[in-house]
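Contents: one structure, followed by commentary.
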Amino acid sequence: MLFQELDHLPLGLLDTPAAQLHTLLDRPTLIHLPGRRAAPLFVTVLLHGNEDTGWEALRALLRDYADRELPRALSLFIGNIEAAKEGLRVLPGQHDFNRIWNDGDEPEQQMTAALVARMRERGVFASIDIHNNTGLNPHYACINRLDAAFLHLANLFSRVIVYFTKPDGVQSLAMAPHCPAVTVECGKPGVGGGVEHARAFVEAVLHLDHFPAHLPAAHDYELYHTVVRVTVPEEVSFGIATPERQLDFPAQLDHLNFRELESGTRLAMAAEGAYLHAWNEQGEDIGAEYFERWEGGLMLKREVMPSMLTLNESIIRQDCLCYLMERLPPVEG
């Protein structure tokens, strides 16, 4: 089995930082803990090995409950322990643990299918996937369905809510048919109160008895829709403040996150022939609808709001440059 399943916390686990988990756990691990309400909250941490806020939050929470009963059962999945050992998002040659929660024949996809089935059998109450990101972003919540329970769950974490359906290999999409599910983005690891925010959020959901049937008030949240995922073509060289590259992004690129950018905003200096992909929800490259070259720059052709812009060139190459979003009106009942 690619993962193990336990009904207890191994001795010393809560004293162990993410980079040392491999000394106690030899593979991804699902841990079931009892609580006053039987339907469990499912929480996943360390799907990316360098994003340790989720693990630090759960360590803190479970230490606080060491001598008392949890208000609700908790099923905790600790993901990419080997990448955490090296402080990396994913090891070379590994599948990204946040892109394997879809149908397929890969062993990792069979693992996540077994995890989803196990949680369905246990009557899962809700699902939380905790992440960090590498650029300057506010703390925000991501959902895949626009209904009352999902919106209430997300709104418990942040008034900034992002709706998306691609990429389709993420945990929240896999869990959405079975319970309200959310991905929470807690800023950069180790900064901005991410651990405290994630810990308080998980505890709040553990205390919930049910989700309201009515929609949240329109003034309580801001809703955005991810419309494209932007990637740099393999054949195009790029860098941050590196004018010798085909695409030269500014040194403060990530300061553009969650800012509504006007048409004509320059994203990069661009050599002749340099371009970006923009993948829509149907998997089509519609980059020509979003970007154009003008006076040596790569410019936006329409008003959008980016998220997850980062200065980390490895992450840009491994995953993407950013996502582009458009504001949605509040959901109406």
Side-chain angles (χ1 to χ4, degrees), residues 96 98-99 131 133-138 140-144 146 160-170 172-173 183 185 222-330:
D96 185 328
N98 200 36
R99 299 292 186 269
H131 283 268
N133 39 66
T134 55
L136 292 176
N137 291 275
Y140 63 99
C142 304
I143 56 175
N144 315 114
L146 293 174
V160 180
I161 301 174
V162 175
Y163 167 70
F164 76 97
T165 59
K166 293 289 183 179
D168 62 3
V170 300
S172 60
L173 263 170
T183 300
E185 296 286 350
E222 300 170 23
L223 184 62
Y224 301 93
H225 177 209
T226 297
V227 288
V228 293
R229 175 174 175 262
V230 180
T231 61
V232 180
E234 290 185 9
E235 66 273 15
V236 174
S237 65
F238 72 92
I240 309 297
T242 51
E244 67 275 12
R245 306 284 175 82
Q246 290 174 281
L247 286 175
D248 177 26
F249 295 106
Q252 294 188 317
L253 178 69
D254 58 344
H255 288 238
L256 300 178
N257 283 323
F258 284 85
R259 289 178 55 186
E260 291 183 290
L261 304 180
E262 297 179 352
S263 172
T265 299
R266 187 176 68 196
L267 286 184
M269 298 302 296
E272 186 71 34
Y275 67 104
L276 290 170
H277 293 303
W279 305 100
N280 67 12
E281 292 174 322
Q282 291 73 45
E284 302 162 334
D285 179 12
I286 56 172
E289 297 180 20
Y290 282 86
F291 310 110
E292 63 181 348
R293 287 187 72 261
W294 187 71
E295 292 188 349
L298 194 67
M299 323 295 283
L300 284 174
K301 292 180 69 174
R302 57 204 299 176
E303 185 177 291
V304 292
M305 176 181 286
S307 67
M308 291 197 180
L309 282 166
T310 176
L311 304 181
N312 187 315
E313 295 180 17
S314 296
I315 298 297
I316 293 171
R317 194 57 93 180
Q318 286 178 355
D319 187 32
C320 67
L321 173 67
C322 67
Y323 295 87
L324 297 180
M325 307 180 296
E326 296 176 350
R327 188 184 290 270
L328 291 180

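Index from 1, following the sequence.
- Side chain of D254 to main chain of L309: no donor-acceptor pair is present (N/O by atom type, distance under 3.5 Å, no hydrogens or angles).
- For the atom pair CG (D319) and CZ (R99), the distance works out to 4.5 Å, reported to the nearest 0.5 Å.
- Nearest heavy-atom pair, A274 versus Q246, reported as atom, atom and distance to 0.1 Å: CB-O, 3.7 Å.
- Counting non-hydrogen atoms of neighbouring residues, nucleotides and ligands closer than 6.0 angstrom, the CD atom of E244 exceeds 12 such neighbours.
- Taken from CZ in R266 to CG in L298, the straight-line distance is 10.5 Å, to the nearest 0.5 Å.
- Ring-plane geometry between H225 and Y163 is classed as tilted, the angle between the planes lying from 30 to 60 degrees on a 0 to 90 degree scale.
- With contacts defined as side-chain heavy-atom distances shorter than 4.5 Å, the pair R302/E326 qualifies.
- Nearest heavy-atom pair, M308 versus N257, reported as atom, atom and distance to 0.1 Å: N-OD1, 3.1 Å.
- Atom CG of residue L253 and atom SG of residue C322 lie 7.5 Å apart, to the nearest 0.5 angstrom.
- A 4.5 Å side-chain heavy-atom check between C320 and T231 finds at least one atom pair inside the cut-off.
- Nearest approach of I240 to L311, heavy atoms of both residues: CG1-O, 3.7 Å.
- When all heavy atoms are compared, the tightest approach of T310 to T134 is OG1-OG1, 2.5 Å.
- Judged by distance alone, the side chain of D285 and the main-chain N or O of A278 form a donor-acceptor pair under 3.5 Å.
- For the pair N280 (side chain) and V228 (backbone), a donor-acceptor distance under 3.5 Å is absent.
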Please walk me through it: do E235 and Y275 pass side-chain contact (heavy atoms from CB on, under 4.5 Å)?
-> CA-CA 10 Å; E235 66 273 15; Y275 67 104; 2.5 Å; yes
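- Of the possible polar contacts, one joining the D248 side chain to the T242 backbone as a donor-acceptor pair under 3.5 Å is found.
- In this pair, Y140 and F258 present their aromatic rings tilted. The plane angle is within the 30 to 60° band.
- Under the 30°/60° scheme for interplanar angles, the aromatic rings of H277 and W279 are found to be tilted.
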Apply the test side-chain contact (heavy atoms from CB on, under 4.5 Å) to residues F238 and F249: give CA-CA distance (whole Å), side-chain angles for both, the deciding distance (0.1 Å), then the verdict.
-> CA-CA 8 Å; F238 72 92; F249 295 106; 4.0 Å; yes
Verdict with reasoning, V162 to M325, per side-chain contact (heavy atoms from CB on, under 4.5 Å) = CA-CA 8 Å; V162 175; M325 307 180 296; 3.7 Å; yes
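- In terms of heavy atoms, L247 sits closest to V232 at CD1-CG1, 4.4 Å.
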Run the side-chain contact (heavy atoms from CB on, under 4.5 Å) check on E289 and K301 step by step: do they pass?
-> CA-CA 7 Å; E289 297 180 20; K301 292 180 69 174; 5.9 Å; no
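- In this structure, E234 places its CD atom where only 12 or fewer heavy-atom neighbours from other residues, nucleotides or ligands lie under 6.0 Å away.
- Taking both residues in full, the closest heavy atoms of A270 and R293 are given as O-NH2, 3.0 Å, listed atom of the first, atom of the second, then distance.
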